[in-house]
Amino acid sequence: MEISVARKRLEEMRADLERTVSVLMGEHPLARGGGAEAGDAGANLTEADRNAASVQAALAQRAEVIAALARVDDGSYGRCVDCGSPVPEPRLEVRPATARCVPCQGKRDRRR
Ligand SMILES: [Zn+2]
């Protein structure tokens, strides 16, 4: 993948994720603070929890995308951050923000 194409895709992903986060936070402005006011602790709680989880997931993805953009800038994009070997093109096509080759990602996932 051309580096300019990768950059463009990453910038679009970042914009999408920022929209997602602001929509989620806009719908449930209290979600992060626990939200439950007196008498409101029941039915809405699960939805608020789920919403907070979605915000967290979107923020984590956004951090991944921003880190990938930094690697575009310093010229290391497309190489595994752990072992330095090239990340296969098809993997980058599917996940442009990916930081690791398949074996290193596998090792990392198993550690979690
Ligand atoms: Zn690797």
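In this chain, residues are counted from 1 in sequence order. One-based numbering, in listed order, for ligands and for the atoms of each. Since this is a predicted model, take the numbers as computed values, not measurements.
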Carboxylate-amine/guanidinium proximity below 4.0 Å for Glu2 and Lys8
no

Is the closest side-chain heavy-atom distance between Arg62 and Thr20 below 4.5 Å?
no

In total, how many protein N/O/S atoms does one find closer than 2.8 Å to the Zn ion (ligand 1)?
4

Hey, could you give me the CZ/OG1 distance between Arg91 and Thr98, rounded to the nearest 0.5 Å?
3.5 Å

Would Asp73 and Arg7 pass as an ion pair if we require N to O under 4.0 Å?
yes

Let's go through Asp82 and Gln105 carefully: what are the C-alpha distance in whole Å and the side-chain angles of both, what is the deciding distance for side chain to side chain contact (heavy atoms under 4.5 Å, CB included) to 0.1 Å, and is it a yes or a no?
CA-CA 9 Å; Asp82 282 354; Gln105 187 65 54; over 6 Å; no

Any chance you could measure Arg95, atom CZ, to Met13, atom CE, to the nearest 0.5 Å?
8.0 Å

